[in-house]
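Inspection log for the structure reproduced underneath, given as structure tokens.
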Amino acid sequence: MKFSAPTSAETLRRTLGGLLDGLPPKQAAAAVERLIASYRGKTPTDAPVLRDRSDVAAYAAYRMPATFEAVRGALDGLAEAAPDWAPGSHVDVGGGTGAATWAVDATWDGPRETTVLDWAEPALALGRELAAASTSEVLRAAAWRRAVIGSGLTLPEADLVTVSYVLGELTPAARTAVVAEAARAGQAVVLIEPGTPEGYLRIREARDQLIEAGLRIAAPCPHDGTCPIEVGQDWCHFSARVSRSSLHRQVKGGSLPYEDEKFSYVAATRFPTEPATSRITRKPQIRKGLVLLELCGPEGSGLTRVNVTKRQGDLYKAARDADWGQAWPPAPQP
């Protein structure tokens, strides 16, 4: 059973709205711009970028909704592949202010032990504050613990381990160690990175590592075989719609009430799942009487393009309603 995800997203946005009280808008925007520049550079594993509450509040208000929606999109892929499964315990590695924890809470109902690990105490403190303001008993009971995210990391065993927007901050050796420890500790592991060519390559490398550790791919890939994408020619990524705050508009400019967060991800498990037959890898192109779908299919079929025409009746209607990242063909309705 799932929570209503929009309710959780609205609660998160409302709670975040009070974070910047007392912080001048120009100061908040300047903090966000500096932090974005830091995240685009190289961050050593012993130097967290978020230094104090002002940094954390500004960046959380700016980035947390986008991270929440991206992680929720990845978790939806896992939930669709394992419809009868729900995690009884969750460890969020490098969770900061807890966006992934909120996303897990929006995906699965029921009791759950949740632990958020991060190296930045200001981020953990604000995460506790946000969780305390939520209506979720699971979030309010979560444990927030300081840990160095790197080669010496030791995780408690858990049904679900998430690592979102963290791998890019780590050295290659630390990245390998974190993925290995997540694979050891988790019955299910979900990794999310920015939907850039570099983020995709980190996910692709981690995917191979998870398979070598004995896990099976649940999403987004329809198989455990070699990714059919030719490196340097394309990259696998998806998109999540995010409501923009006034701080978003101030920093980035523009007047649209939303933006699209691009992300790459992999979900792998130690228990049986039902991966998608194929996955829609780009936004469907709708023409008159025709929908063009770009698909990643079963192992050996590679990347394909499928034309779904009006003559195909219900399948055509489903194609017109289909979205980037969804499984194809759609599951039969009961």
Side-chain angles (χ1 to χ4, degrees), residues 2-13 15-16 39 59-82 85-87 89-109 112 114-118 123 126-127 130-131 134 136 138-139 142 144 149 158-169 178-179 182 186 188-196 199-200 202-203 206-207 210 218-220 236-243 258-269 323-326:
K2 294 185 179 182
F3 279 120
S4 171
T7 299
S8 184
E10 291 165 7
T11 302
L12 175 60
R13 284 194 293 270
T15 306
L16 286 168
Y39 273 117
Y59 201 74
Y62 179 77
R63 278 297 304 168
M64 201 171 169
T67 302
F68 168 88
E69 295 293 359
V71 176
R72 190 177 68 173
L75 295 176
D76 280 347
L78 173 57
E80 290 167 2
W85 176 85
S89 55
H90 169 220
V91 174
D92 187 19
V93 179
T97 54
T101 303
W102 284 71
V104 170
D105 196 55
T107 305
W108 290 284
D109 200 353
R112 183 170 53 254
T114 297
T115 302
V116 182
L117 303 176
D118 201 89
L126 190 56
L130 290 170
S134 77
S136 166
V138 172
L139 290 176
W144 302 79
I149 311 302
D159 292 335
L160 173 65
V161 175
T162 55
V163 188
S164 59
Y165 292 82
V166 172
L167 299 180
E169 298 178 35
V178 167
V179 173
V189 177
V190 180
L191 310 175
I192 305 99
E193 283 290 293
T196 62
Y200 158 69
R202 290 191 290 271
I203 290 295
R207 176 185 183 272
L210 292 173
C236 180
H237 64 293
F238 304 96
S239 182
R241 181 61 52 91
V242 185
S243 296
Y258 64 86
E259 65 178 4
D260 293 321
E261 174 73 6
K262 304 297 194 305
F263 65 98
S264 296
Y265 81 96
V266 63
T269 68
D323 201 1
W324 182 4
Q326 289 183 350

If you define the side chain from C-beta out and look only at heavy atoms, does anything of [X] sit under 4.5 Å from [Y]?
X: Lys262; Y: Thr196; value: no
X: Ile192; Y: Phe238; value: no
X: Ile149; Y: Val178; value: yes
X: Leu78; Y: Thr269; value: yes
X: Val104; Y: Val138; value: no
X: Trp102; Y: Met64; value: yes

Closest heavy-atom pair and its distance - [X], [Y]:
X: Val91; Y: Ala158; value: CG2-CB, 3.7 Å
X: Ala240; Y: Ala70; value: CB-N, 4.2 Å
X: Tyr165; Y: Arg63; value: CE2-NH2, 3.4 Å
X: Ala123; Y: Thr97; value: O-CG2, 3.6 Å

What residues, two or more places apart in sequence or in another chain, satisfy side chain to side chain contact (heavy atoms under 4.5 Å, CB included) together with [X]?
X: Ala131; answer: Leu139, Trp144
X: Gln326; answer: Ile280, Ala322, Asp323
X: Glu193; answer: Leu167, Arg202, Ile203
X: Ala81; answer: Ala218, Thr273

To the nearest 0.5 Å, what is the distance between CH2 on Trp85 and CH2 on Trp108?
5.0 Å
Hey, what do you get for CG (Leu160) to NE2 (His90), rounding to the nearest 0.5 Å?
4.5 Å
Suppose we screen for side chain to side chain donor-acceptor pair (under 3.5 Å). Which residues come up paired with Tyr200, at least two apart in sequence or across chains?
Arg204
Side chain to side chain donor-acceptor pair (under 3.5 Å) partners of Thr101, counting only residues at least two apart
none
Taking it one step at a time, do Val163 and Val179 satisfy side chain to side chain contact (heavy atoms under 4.5 Å, CB included)?
CA-CA 9 Å; Val163 188; Val179 173; over 6 Å; no
Between Arg112 and Asp105, does at least one N-O distance fall below 4.0 Å, as a salt bridge requires?
yes
Does any N or O in the side chain of Asp118 come within less than 3.5 Å of the main-chain N or O of Gly96, such that one atom is a donor and the other an acceptor?
yes
